[in-house]
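Values in this document were obtained by computation on a predicted structure and should not be read as measured data. Numbering starts at 1 and runs along the sequence shown.
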Amino acid sequence: PEEVDRFPIHFLIGFLRNHGLLQVRNQPQWRTVVGGSRQYVHKLLKPIADRVRLNTPIAGVRRHDDHVVVQLASGSAEVFDEVVLATHADQTLRILQDADENERELLGSFPYQENEAVLHTDVSLLPRNSRARASWNYHVAAQPGHPATVTYDLSRLQGHASAEPILLTLNETKSIDPANILRTFTYHHPAYRLESITAQARHSEISGRNRTHFCGAYWGYGFHEDGVNSALSVAKHFDIELEACTVASTKVTSSTSAADQ
């Protein structure tokens with residue numbers, strides 16, 4: 001709430017329009033991947049699975065005129081022609097050991113906010129009136145300074161035929177009955193400001209230069225689709241368009257629109 005007056009209004013309107021929240025009728029249909037988003041990740045990884053290394057922490061990246069050195073946390077180092085940094089902006093800054101002034105300015109324009117998300121079945125977090133319940137249920141606390149909270153009805157969003165609603169609530173753990181908690185997660189989301197939007201427009205000033213490319217959903221609205229668009233932007237630098245890719249076929253199912261009610 002303390003930062004909302006710094007939020008760019010045109011960015012907010014673009015977000016609402018992108019989600020079909022500025023209209024009452026003809027709202028976009030919410031679609032989910034059967035088995036979860038990990039399914040399309042598996043599809044994309046399949047052709048290169050033998051070259052992907054997981055659980056390999058990176059200590060730092062340093063660029064040179066004709067190569068890039070990636071320093072592993074284990075102590076060893078590897079040399080590459082170019083590097084794509086597909087991590088949060090603040091993480092990227094920590095990894096880059098030789099970030100220049102421009103990179104520090106632009107990547108530093110994306111502050112991040114920690115959000116605690118709880119998967120649960122406590123329906124008391126939903127509106128008391130069942131007719132007022134939606135896929136996204138938003139609550140503004142009466143006390144000043146308290147973060148806004150939202151409860152997603154995943155059963156409704158993802159078409160789960162569950163006996164009771166499966167819910168995900170952000171930033172209101174204390175109000176959830178511990179007996180109904182299934183799992184707790186900590187996420188870090190970009191808290192966009194005016195300087196963030198300005199930085200987005202200057203992406204080409206740092207990406208594709210000095211053998212380095214910056215990729216991530218923070219260059220858009222922060223959603224899966226923005227991550228894809230960011231990846232395509234990097235691919236374009238290497239003259240690879242979407243048409244050149246083999247698009248994986250993944251089963252998709254429809255459910256209630258995210259903007260319902």
Side-chain angles (χ1 to χ4, degrees), residues 1-9 11-22 27-28 30-33 36-38 41 87-91 110-160 162 164-193 196-197 216-228 255-261:
E2 295 80 7
E3 298 289 338
V4 71
D5 60 344
R6 300 188 62 194
F7 200 87
I9 188 64
F11 186 82
L12 174 61
I13 292 174
F15 170 86
L16 296 175
R17 183 180 63 240
N18 189 50
H19 281 68
L21 296 174
L22 297 178
Q27 294 171 347
W30 183 281
R31 297 182 182 275
T32 58
V33 178
S37 301
R38 70 180 66 186
V41 175
T87 48
H88 290 179
D90 56 346
Q91 295 172 331
F110 297 94
Y112 282 79
Q113 174 180 307
E114 182 177 295
N115 292 302
E116 185 173 66
V118 179
L119 187 68
H120 65 95
T121 57
D122 187 350
V123 295
S124 70
L125 274 292
L126 295 174
R128 295 188 188 92
N129 187 340
S130 60
R131 296 181 63 187
R133 296 175 182 177
S135 299
W136 297 2
N137 301 275
Y138 191 80
H139 177 71
V140 179
Q143 59 270 39
H146 190 283
T149 65
V150 62
T151 295
Y152 301 92
D153 186 339
L154 299 184
S155 296
R156 186 174 190 149
L157 276 170
Q158 301 180 350
H160 296 301
S162 53
E164 52 190 350
I166 301 173
L167 310 173
L168 184 75
T169 295
L170 269 63
N171 300 327
E172 193 59 31
T173 305
K174 66 180 185 300
S175 299
I176 303 171
D177 184 345
N180 293 100
I181 293 178
L182 303 175
R183 194 170 174 186
T184 301
F185 311 86
T186 299
Y187 293 108
H188 295 85
H189 297 104
Y192 293 105
R193 297 176 178 172
S196 308
I197 313 309
Y218 65 92
W219 292 107
Y221 290 113
F223 287 81
H224 290 233
E225 297 85 352
D226 298 301
V228 172
S255 63
T256 308
S257 166
D260 65 344
Q261 297 189 5

Do L119 and F185 touch side chain to side chain, with heavy atoms closer than 4.5 Å?
yes
Evaluate the criterion side-chain contact (heavy atoms from CB on, under 4.5 Å) for residue pair W136 and L157; output intermediate values, then yes/no.
CA-CA 9 Å; W136 297 2; L157 276 170; 3.9 Å; yes
Is any side-chain heavy atom of L170 less than 4.5 Å from a side-chain heavy atom of T149?
no
Under the ring pair (Phe, Tyr, Trp, His ring centres under 6.0 Å) rule, collect the residues that match up with F223, sequence neighbours excluded.
F15, H19
Spacing of CD1 belonging to I176 relative to CG belonging to L182, to within rounding of 0.5 Å
10.0 Å
Whether Y187 and H189 hold their rings parallel, tilted or perpendicular, with breakpoints at 30° and 60°:
tilted
State, with a plain yes or no, whether a side-chain heavy atom of E172 is found less than 4.5 Å away from one of L125.
yes
Stepwise, does the side-chain contact (heavy atoms from CB on, under 4.5 Å) test hold for D226 with W219?
CA-CA 7 Å; D226 298 301; W219 292 107; over 6 Å; no
side-chain contact (heavy atoms from CB on, under 4.5 Å) between L126 and T151, worked out
CA-CA 7 Å; L126 295 174; T151 295; 4.0 Å; yes
Contacts of type ring pair (Phe, Tyr, Trp, His ring centres under 6.0 Å), residue Y218, not counting sequence neighbours:
F110
When you look at T186 and E116, which way does the side-chain hydrogen bond (donor to acceptor under 3.5 Å, both in side chains) test go after all the steps?
CA-CA 5 Å; T186 299; E116 185 173 66; 5.0 Å; no
Tell me, do L167 and D153 make a side-chain contact under 4.5 Å, heavy atoms counted?
yes
Do R193 and P8 make a side-chain contact, defined as non-hydrogen atoms from C-beta onward lying under 4.5 Å apart?
no
If I take atom CZ from residue R183 and atom CG from residue L168, how far apart are they, to the nearest 0.5 angstrom?
11.5 Å
Can you tell me which residue among D177, T184, N180, T169 is in a side-chain hydrogen bond (donor to acceptor under 3.5 Å, both in side chains) with H120?
T169
Between A148 and N171, the two heavy atoms sitting closest are O-ND2, 4.1 Å
Could you tell me whether a side-chain N or O of R156 sits under 3.5 Å from a main-chain N or O of P165, the two making a donor and an acceptor?
no
Which heavy atom in A191 sits nearest to a heavy atom in S196, and how many Å separate them?
O-OG, 4.4 Å
With a 3.5 Å distance limit and no angle check, can you tell me whether Q158 reaches the backbone of S155 through a side-chain donor-acceptor pair?
no
More than 12 foreign heavy atoms under 6.0 Å from NE2 of H188: is that the case here?
yes
List in chain and number order the residues that pass ring pair (Phe, Tyr, Trp, His ring centres under 6.0 Å) with F11, two or more places apart in sequence or in another chain; answer none if no residue qualifies.
F7, Y192, Y221
Shortest non-hydrogen contact between D122 and S175, atoms and distance
OD2-O, 3.8 Å
